Amino acid sequence: MIQQVTRGIKISVQTSFEGTFYKKYKMHFGFGYIITIENQSKDSVQLHTRHWKIKDSLSRTEYVDGEGVIGKKPVLKPGESHTYQSGCLLASPFGNMSGFYNMVNFSNSKQFSVIIPAFKLSAPFALN
């Protein structure tokens, strides 16, 4: 498990290999990840947007921006957490993801970014 704390917000990531899939006549490698966002600060916060950098071992990089996570913009009071599960397809059996969440602190209405630590995606059958 990969973990990182930014401004009192702890991000924990667990990954899994989901198998190979064909998409547009090409083999892709499916990966799942579970992310827990835990508010260890003294203020209530809300996640507004996300930014992902997804890179595979063939040097292909994709950027994904969007609102919320899995259609939600969770509000986290001090001590609360939000867990969600998602995934991605890569053109190679190795890669990594990193990014950040843009959040709002309700006590002062200021926006801030929370780093999503880089995590590896690796098919267990592939040698690295």
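Keep in mind that what you see is a predicted model, and the values were worked out from it rather than measured.
Two different hydrophobic clusters hold Val5 and Val13 under the rule that ILVMFWY side chains link at heavy-atom gaps under 4.5 Å. In the hydrophobic clustering of this structure, Tyr33 groups with Leu47; members are Ile, Leu, Val, Met, Phe, Trp, Tyr whose side-chain heavy atoms approach within less than 4.5 Å, directly or through other members. Both Ile9 and Ile2 are members of a single hydrophobic cluster when ILVMFWY side chains are connected at heavy-atom separations under 4.5 Å. Put simply, Leu58 and Ile54 are part of two different groups of oily side chains (I, L, V, M, F, W, Y) that touch within less than 4.5 Å, one to the next.
Put simply, CE on Met97 and CH2 on Trp52 are 4.0 Å apart, with the number rounded to the nearest 0.5 Å. Between atom NE2 of residue His28 and atom CZ of residue Phe21 there is a gap of 11.5 Å, rounded to the nearest 0.5 Å. Taking CG from Asn39 and OG from Ser44, the interatomic distance works out to 7.0 Å, rounded to the nearest 0.5 Å. Taking CD of Gln14 as the reference point, atom CD of Gln3 lies at 9.0 Å (rounded to 0.5 Å). A distance of 9.5 Å separates CZ in Phe31 from CG in Asp56, rounded to the nearest 0.5 Å. Of the inter-residue distances, the one linking Ser86 atom OG with Ile35 atom CD1 reads 8.0 Å to the nearest 0.5 angstrom.
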Distance-only criterion, 3.5 Å: show the donor-acceptor pairs between side-chain atoms of residues 68-85 and protein atoms not counting sequence neighbours.
{"from": "Lys73", "atom 1": "NZ", "to": "Glu67", "atom 2": "OE1", "distance (Å)": "2.9"}
{"from": "Glu80", "atom 1": "OE1", "to": "Lys77", "atom 2": "N", "distance (Å)": "2.9"}
{"from": "Thr83", "atom 1": "OG1", "to": "Thr36", "atom 2": "OG1", "distance (Å)": "2.9"}
{"from": "Tyr84", "atom 1": "OH", "to": "Tyr101", "atom 2": "OH", "distance (Å)": "2.5"}

Do any side-chain atoms of residues 102-119 form donor-acceptor pairs under 3.5 angstrom with protein atoms, and if so which ones, sequence neighbours left out?
{"from": "Asn102", "atom 1": "OD1", "to": "Ser113", "atom 2": "OG", "distance (Å)": "2.8"}
{"from": "Asn102", "atom 1": "ND2", "to": "Thr49", "atom 2": "OG1", "distance (Å)": "3.0"}
{"from": "Asn105", "atom 1": "OD1", "to": "Ser107", "atom 2": "N", "distance (Å)": "2.8"}
{"from": "Asn105", "atom 1": "OD1", "to": "Ser107", "atom 2": "OG", "distance (Å)": "2.7"}
{"from": "Asn105", "atom 1": "ND2", "to": "Asp43", "atom 2": "OD2", "distance (Å)": "3.1"}
{"from": "Ser107", "atom 1": "OG", "to": "Asp43", "atom 2": "OD1", "distance (Å)": "3.4"}
{"from": "Ser107", "atom 1": "OG", "to": "Asp43", "atom 2": "OD2", "distance (Å)": "3.4"}
{"from": "Asn108", "atom 1": "OD1", "to": "Lys110", "atom 2": "N", "distance (Å)": "2.9"}

Identify all side-chain donor-acceptor contacts of residues 88-95 below 3.5 Å with residues at least two apart in sequence or on another chain.
{"from": "Ser92", "atom 1": "OG", "to": "Ser57", "atom 2": "N", "distance (Å)": "3.0"}
{"from": "Ser92", "atom 1": "OG", "to": "Ser57", "atom 2": "OG", "distance (Å)": "2.8"}
{"from": "Ser92", "atom 1": "OG", "to": "Phe94", "atom 2": "O", "distance (Å)": "2.8"}

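Using a 4.5 Å heavy-atom threshold, the side chains of Ile11 and Thr6 count as separate.
For Ser59, there are no side-chain contact (heavy atoms from CB on, under 4.5 Å) partners two or more places apart in sequence or in a different chain. By the side-chain contact (heavy atoms from CB on, under 4.5 Å) test, Tyr63 pairs with His51, Lys53, Thr61, sequence neighbours left out. Shown here are the side-chain hydrogen bond (donor to acceptor under 3.5 Å, both in side chains) partners of Glu18, two or more places apart in sequence or in another chain: Ser16. For Lys120, the side-chain contact (heavy atoms from CB on, under 4.5 Å) test picks out no residue, with sequence neighbours left out. Among residues two or more places apart in sequence or in another chain, the ring pair (Phe, Tyr, Trp, His ring centres under 6.0 Å) test is passed with Phe29 by none.
Tested against Ser12, the residues Glu38, Gln4, Met1 include a single side chain to side chain contact (heavy atoms under 4.5 Å, CB included) partner, Met1.
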